[in-house]
Number of protein chains: 2
Amino acid sequence: MTLKASPLAMVPFVSVDNMMRLIHSIGIETFMADLAREIEHDFARWELFDKTPRLGSHSDVGVIELMPTSDGELYGFKYVNGHPKNMKEGLQTVTAFGVLADVYTGYPILFSEMTVLTALRTGAMSAVATKHLASPDAKTMAMIGNGAQSEFQCLAIKAVCGINDIRLYDIDPEATKKCAANLADLGFTITTCTTPEEAIEGADVITVATADKDMQTILTDNMVGAGVHINAIGGDCPGKTELHRDIVARSTVFVEYPPQTRIEGEIQQMPEDHPVTELWQVITGATPGRTSASEVTLFDGVGFAIEDFSALRYVHKQIKDTPFYVDIDLIADPDDPRDLFGMIKRAG
Amino acid sequence: MTLKASPLAMVPFVSVDNMMRLIHSIGIETFMADLAREIEHDFARWELFDKTPRLGSHSDVGVIELMPTSDGELYGFKYVNGHPKNMKEGLQTVTAFGVLADVYTGYPILFSEMTVLTALRTGAMSAVATKHLASPDAKTMAMIGNGAQSEFQCLAIKAVCGINDIRLYDIDPEATKKCAANLADLGFTITTCTTPEEAIEGADVITVATADKDMQTILTDNMVGAGVHINAIGGDCPGKTELHRDIVARSTVFVEYPPQTRIEGEIQQMPEDHPVTELWQVITGATPGRTSASEVTLFDGVGFAIEDFSALRYVHKQIKDTPFYVDIDLIADPDDPRDLFGMIKRAG
């Protein structure tokens, strides 16, 4: 017996395998530049969105979070976990998947892996911040922390800001080696560094993406020169920060969504009323970004639901007329909506 | 090119089609009796669970909700929409799907349709409440509202409480006809009624499951006799109630999770401190349920995340060694967890 689902009942599903094929069919740098544009587009209409801090379920070893948002026409949410101990067990620290739905019917219209997609959108988000906050003639980036996120940061900054001179540093030289090897043939000038000072000296942009709490003392205040832009993206949960408090104190701080960043970001070290600028207001032009060549700007990025929404909408548009998804039978679709029981009974 | 996902990356998916096959392989009454036992089991250890009111995103035409919970070992959430106008457009008012995950790793272990499963667990939940609250010699149920949920209510009450004498009433006689036809060969004594009085007169249990706001005046106070147990399950969102205020006022009210029921249930008509008993305390024996033969007991059911958790865990156990699921490639699983980029690059 085969029950045929009606087209209404079908939801496109993008697996990890198909997400990777989609990325390669578009080109990873183009994909990230597109994502950056989608994020900018949505940040520019920030006030339209339903916003809420993510809903976390914490345990001793990690957290599972739901991150929903809506622009009134589409609704999206991401499921994401964070389990630092997973890596030692050969598992991903972060895995994710997400759904896009039609607000008018409530029906899901896309179900997608988001482990890979989140890695790309996190790179794209830092690139958007860097584009709007770094010195316009920035040429060099220090990439501190060379783990799973590092290559995505470098590629996005290259695709969006044209920065391709990269210095790599990690407390684990193996991580630096891996990152350098992955980036070797992708159009960068790579310098692998053995001290953080070597990486940071003269860099226009510093991107910090560390997974380890012990890393937080690496970047001390006296290393950070005037005029630098910092992306701090690894400190993204309560109790986890990457920068010395003094660096935060002397920077102009830009954030995604203050109620979430005050709990999860670098500014959790600061008083509750520490001044922050919302990045969307810089993008719309309502608030200035960098106001002088000597200012230190800090993007205190924790990842917000709207970025995932932008990424899901982009994937939904891109998979059209491609073989990079399969339809799955997720929604019951009885002939008579009042007769769900009859549908089940007849299937017997 | 085919990229083989590793077993770790695979998540079992239960489609609508496979859920119906699973139900028929177990038997729908057995399935609902099992669900009732799972719900009782979880209500009995209520205090272990992470509890939070559902997270809703409201629009002019409906709501999309996420309902998460966790017992510390497993985490579950349901996505569910509520769009009353959908039915006129040939769509389901309510569709749902859900996920079960391992708290220790954060990895999802089940992705399942829940439109069908929610219909069954909602019936099972009312049956649990009826078992603990109705008069022990209850024999007759009036089923008010003969829409998509009505057959599930009747079957669950039969499976769990042995009540098989059913009176059906709906403002739309076609709905009653559909419900009667669906139940005709399933071991009930069915009376179709043309007035609510006819259905309710002498009934031991009254179950009200209406989708329409206009129904709420059907059940007036003078119809409800002493000793009756009422399941009110259709009023499940702000602004939607089914019972006249006077009925609520003279009943002993039992609820799932007070912070949610006070917003969504029948008791939204009452003062904020209207006394309620949590059903889980009746199940553990901490609080008495019915205390006299003449008491009117009211289960003000709105549906809570723990019921979905129970249902997902049951399905997860039941699909083992069956053909009623397929594995989907939802989780990226690089050989080296720090080398997500390398995995993507090598797929090119």
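Below, chain A is the first sequence line, B the second, and so on; all start at residue 1. Hydrogens, waters and symmetry mates play no part in the numbers below; they use all other heavy atoms, side chains included.
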In terms of heavy-atom proximity below 4.5 Å to chain A, should B/N182 be classed as side chain, backbone, both, or neither?
both
I need the residue from A/F77, A/Y104, A/F152 with the largest number of non-hydrogen atom pairs under 4.5 Å to chain B.
A/Y104
Interface check, chain A: of B/L340, B/T52, B/I64, most non-hydrogen pairs under 4.5 Å belong to B/I64
Looking at A/M114, A/K85, A/M343, A/E89, which one has more heavy-atom pairs under 4.5 Å with chain B than the rest?
A/K85
What part of B/V61 gets within 4.5 angstrom of chain A, counting heavy atoms only: side chain, backbone, both, or neither?
side chain
Tell me, side chain or backbone of B/D339 under 4.5 Å from chain A's heavy atoms, or both, or neither?
both
Hey, are the side chains of B/V315 and B/F31 touching, using non-hydrogen atoms and a 4.5 Å cut-off?
yes
Can you check whether B/K51 reaches B/I306 side chain to side chain, under 4.5 Å on heavy atoms?
yes
Mark yes or no for whether B/D329, through its side chain, and A/D17, through its backbone, hold a donor-acceptor pair below 3.5 Å.
yes
May I have all residue pairs that pass salt bridge (charged side-chain N to carboxylate O under 4.0 Å, His left out) and include part of residues 143-153 of chain A, sequence neighbours excluded?
A/E151-A/K178
Name the member of A/V103, A/T69, A/L66 that forms the most heavy-atom pairs with chain B at distances under 4.5 Å.
A/L66
For B/M19, which atoms come within 4.5 Å of any heavy atom of chain A: side chain, backbone, both, or neither?
neither
Proximity breakdown for B/L330 and chain A, heavy-atom pairs closer than 4.5 Å
both
Please report the closest heavy-atom contact between B/E65 and B/G56, naming both atoms and the distance.
CG-CA, 3.9 Å
Are any side-chain N or O atoms of B/Q153 and backbone N or O atoms of B/I157, one a donor and one an acceptor, separated by less than 3.5 Å?
no
Go through A/N81 and A/T95 one step at a time and tell me if the side-chain hydrogen bond (donor to acceptor under 3.5 Å, both in side chains) criterion holds.
CA-CA 6 Å; A/N81 75 300; A/T95 68; 2.7 Å; yes
Going by heavy atoms in the side chains, are B/K177 and B/E174 under 4.5 Å from each other?
yes
Where does B/V94 contact chain A at under 4.5 Å (heavy atoms): side chain, backbone, both or neither?
neither
Heavy atoms only, distances under 4.5 angstrom: which of A/V14, A/V80, A/I328, A/D50 has the most pairs with chain B? Name it, please.
A/I328
Between A/A119, A/G342, A/S112, A/S70, which shows the greatest number of heavy-atom pairs under 4.5 Å with chain B?
A/G342
For the ring pair B/F309 and B/F49, is the centre-to-centre distance below 6.0 Å?
yes
Taking every heavy-atom pair that is under 4.5 Å apart, which of B/P108, B/S150, B/G82, B/G62 has the most such pairs with chain A?
B/P108
Check ring pair (Phe, Tyr, Trp, His ring centres under 6.0 Å) between A/Y325 and all other residues, then give those that pass, not counting sequence neighbours.
none
The interface call for B/T105 against chain A, heavy-atom contacts under 4.5 Å, is both
Select one option (side chain, backbone, both, neither) describing which atoms of B/Q149 are under 4.5 Å from chain A's heavy atoms.
neither
Using non-hydrogen atoms only, which part of B/Y75 is less than 4.5 Å away from chain A: side chain, backbone, both, or neither?
side chain
Look only at the side chain of B/T115 and the backbone of B/A96, and say whether a donor-acceptor pair between them is shorter than 3.5 Å.
yes
Please classify the contact between B/S57 and chain A as side chain, backbone, both or neither, with a heavy-atom cut-off of under 4.5 Å.
both
